[in-house]
Number of protein chains: 2
Amino acid sequence: MTVEAPKSRYRQVADQLRQDITHGEYPPGSTLPSEAELADKMGVSRVTINRAVQILRAEGLVRVLRGRGTVVRSVPPISRHSNQRYARAIREERGARGAFDAEIRRLGLEPRSDIVQLEPVNPPEAVAKALGLGQRERVLIRKRHMYASDEPVLLATSYIPWALAERAGLTKVDTGPGGTYSRLAELGQGPVRFTEDVRARIPTDDEEAFFGLAENQQVFEIVHMSWTATDRLVEYRVDALPTFQWVLHFEWPAEAVESGSRP
Amino acid sequence: MTVEAPKSRYRQVADQLRQDITHGEYPPGSTLPSEAELADKMGVSRVTINRAVQILRAEGLVRVLRGRGTVVRSVPPISRHSNQRYARAIREERGARGAFDAEIRRLGLEPRSDIVQLEPVNPPEAVAKALGLGQRERVLIRKRHMYASDEPVLLATSYIPWALAERAGLTKVDTGPGGTYSRLAELGQGPVRFTEDVRARIPTDDEEAFFGLAENQQVFEIVHMSWTATDRLVEYRVDALPTFQWVLHFEWPAEAVESGSRP
DNA sequence: TCTTATTTGTTCGTATGTATT
DNA sequence: GAATACATACGAACAAATAAG
């Protein structure tokens, strides 16, 4: 007996469109027929088509350009190897500047990184608390927009105590070979332990604009913290990544990693 | 009426409701006014209210029960410490049976785990490939529904080569103190290295039903793999977790973790 | 068990707003 | 400016799930 799940119409439409896309009916880069056309062709209202497209957007399968149309994305998921990406050998390979560069180049894509903010500021409360700073102590904020072959893929905001950043020469746009961690290591403040807290959440307005997301899509929020041998936190960084274009990879030995003295 | 809407109506409504909830107007466990009432009160159509509620659902702020109403959730985010949770001391603490038990108990919540499937099956293609098995070799599938104080929080499906599972005594419902890994260790097949690949995606129909999700919410999909000292994969597991109620925590030393010989 | 009221889910037709070509 | 395409919004209606009687 055919116990077909009685799905709603917009879901059936979404299933149909998804199949058409993955079966090559609408190849990557092509534009779907307009919502009005689809509504006519599939015998439903345009509102229903629109709702179905929302699902495909949330899946990262299409990108919608208002006034232009709905375009099929090429979705090559990027793998972020959290452990490897902070090893010095990786960071400095092929003259790459920091972890992200090396990571993207290995995929055959062209990394680009725009620094959109680089200045001393009063840290947000959560950051000040984590860094053990008072309200009036300043931090270097370093906010970057990052692209892989012109596709926005990462939004990184790091906070480093101002005094330390100045001594390490991190107040310039170019942090030199090996990036931030190599400069910190030269001062004897190189991190020996990292922690990351991973969430997924609705994008902020900023993120929505930068990534071209809809509010039914989500982003990974990764709070990355770098600890020295004396358990001092030297970097607090927040990365935002659209969930549909990343896979986060972690690995660790069964018994070796001890919990640090800080939470 | 003070128009100047930089945001769409449904977003303003969502913002308003969110504020009302976080400010205690609607405490956890309480039921919001019906959509019709809210529509009347806020001077918008019911469809607009409904759309606003979708946003709150995606954020995990409310749970919607058709026919009954919209209930405010108590949202205590659960922290999953991926590294610690596989250490033997943690798994066996307080007589807990495996990692999940210990994890939830530490939060003062009551863990419950229902085994909904436990039998030999032909593995899915991806699983067979990862485990290095042929098409006709069977695996033990072990599918569990897991709850924290009766709230569904985790859906775990593990695959273990059948011959190994039988020898290790893992074909029973109760795997004994320390759980699966302790049994494998007793055979000299204890894992010494773990890898996890983390994605976020739209829930399947199964997951939607189990967790009570809407399709605009997402789940973490964690593919967990356990490797022995001889780089043999002994367990392939897929965990599904609603993104809004979990934070994934990882930590590792700067230079110690080497990439395994397998991808 | 059946009936009815309540509440959310879905869909349509229609209209208007906004961005792009 | 005009045409095109997606975004939002409303009112109405019916479906489906739940609760109360």
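All figures in this text were calculated on a predicted structure; none of them were measured in a lab. Each chain gets a letter, A, B and so on, in the order the sequences are listed, and its residues count up from 1.
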key: Side-chain ion pair, B:Arg11 and A:Glu208, N-O less than 4.0 Å   = yes

task = Classify every nucleotide of nucleotides 13-21 of chain D by which part a protein heavy atom approaches to under 4.0 Å, writing B for the base, S for the sugar-phosphate alone and - for neither, in 5'-to-3' order.
result = B--BBSS--

query = Once you round it to whole Å, what is the distance between C1' of C:dT6 and CG of B:Asp40?
reply = 16 Å

inquiry  = Does A:Arg57 reach a base, just sugar-phosphate, or nothing at all? Heavy atoms under 4.0 Å.
reply    = sugar-phosphate

key: Separation of C:dG9 C1' from B:Asn216 CG (nearest whole Å)   = 13 Å

query = Taking only side-chain nitrogens and oxygens of B:Thr48, does any of them come within less than 4.0 Å of OP1 or OP2 of D:dC10?
reply = yes

Spacing of B:Arg11 atom CZ relative to C:dG17 atom P, expressed in whole Å = 19 Å

task = Rounded to the nearest angstrom, tell me the gap between atom NZ in B:Lys7 and atom C1' in D:dA9.
result = 18 Å

query = In terms of side-chain heavy atoms of A:Val47, which of C:dT14, C:dG9, D:dC6 is nearest?
reply = C:dT14

inquiry  = Heavy atoms only, 4.0 Å cut-off, all strands: where does A:Val44 land among base, sugar-phosphate and nothing?
reply    = sugar-phosphate

task = Can you tell me the distance, in whole Å, between the CD atom of B:Glu35 and the C1' atom of D:dG11?
result = 15 Å

query = Considering residues at least two apart in sequence or located in another chain, which fulfil the side chain to side chain donor-acceptor pair (under 3.5 Å) criterion with B:Asn122?
reply = none

ask   = Of the candidate nucleotides C:dT11, C:dG9, D:dA7, which contains the atom at the shortest distance from the side chain of A:Gln54?
value = D:dA7

inquiry  = Nearest whole Å is fine: how far is C:dT11 C1' from A:Ile49 CD1?
reply    = 12 Å

query = Hey, does the side chain of B:Thr70 come within less than 4.0 Å of C:dT8's phosphate (OP1/OP2), counting only N and O?
reply = yes

ask   = Hey, are A:Arg201 and B:Glu59 close enough for a salt bridge, meaning a charged N less than 4.0 Å from a carboxylate O?
value = no

query = Which of the following nucleotides, C:dT11, C:dG9, D:dC10, is nearest to the side chain of B:Asn50?
reply = C:dG9

ask   = Quick one: is D:dA7 close enough that its OP1 or OP2 comes under 4.0 Å of any side-chain N or O from B:Ser8?
value = no

inquiry  = Looking at B:Arg112 and B:Asp114, is there a salt bridge between them, counting it only when a charged N and a carboxylate O are closer than 4.0 Å?
reply    = yes

message = Closer than 3.5 angstrom, by distance alone: can the side chain of A:Thr48 be matched with the main-chain N or O of A:Val44 as a donor-acceptor pair?
response = no

ask   = So, B:Glu119 and B:Arg142, do they make that salt bridge, N to O below 4.0 Å?
value = no

ask   = Would you say C:dC12 has OP1 or OP2 under 4.0 Å from some side-chain N or O of A:Arg9?
value = yes

message = In whole Å, I'd like the distance from the OH atom of A:Tyr10 to the P atom of C:dC12.
response = 13 Å

task = Please confirm whether B:Tyr147 and B:Phe210 have ring centers closer than 6.0 angstrom.
result = yes

request  = Measure the distance from CD on A:Gln12 to C1' on C:dT11 and round it to the nearest whole Å.
outcome  = 13 Å

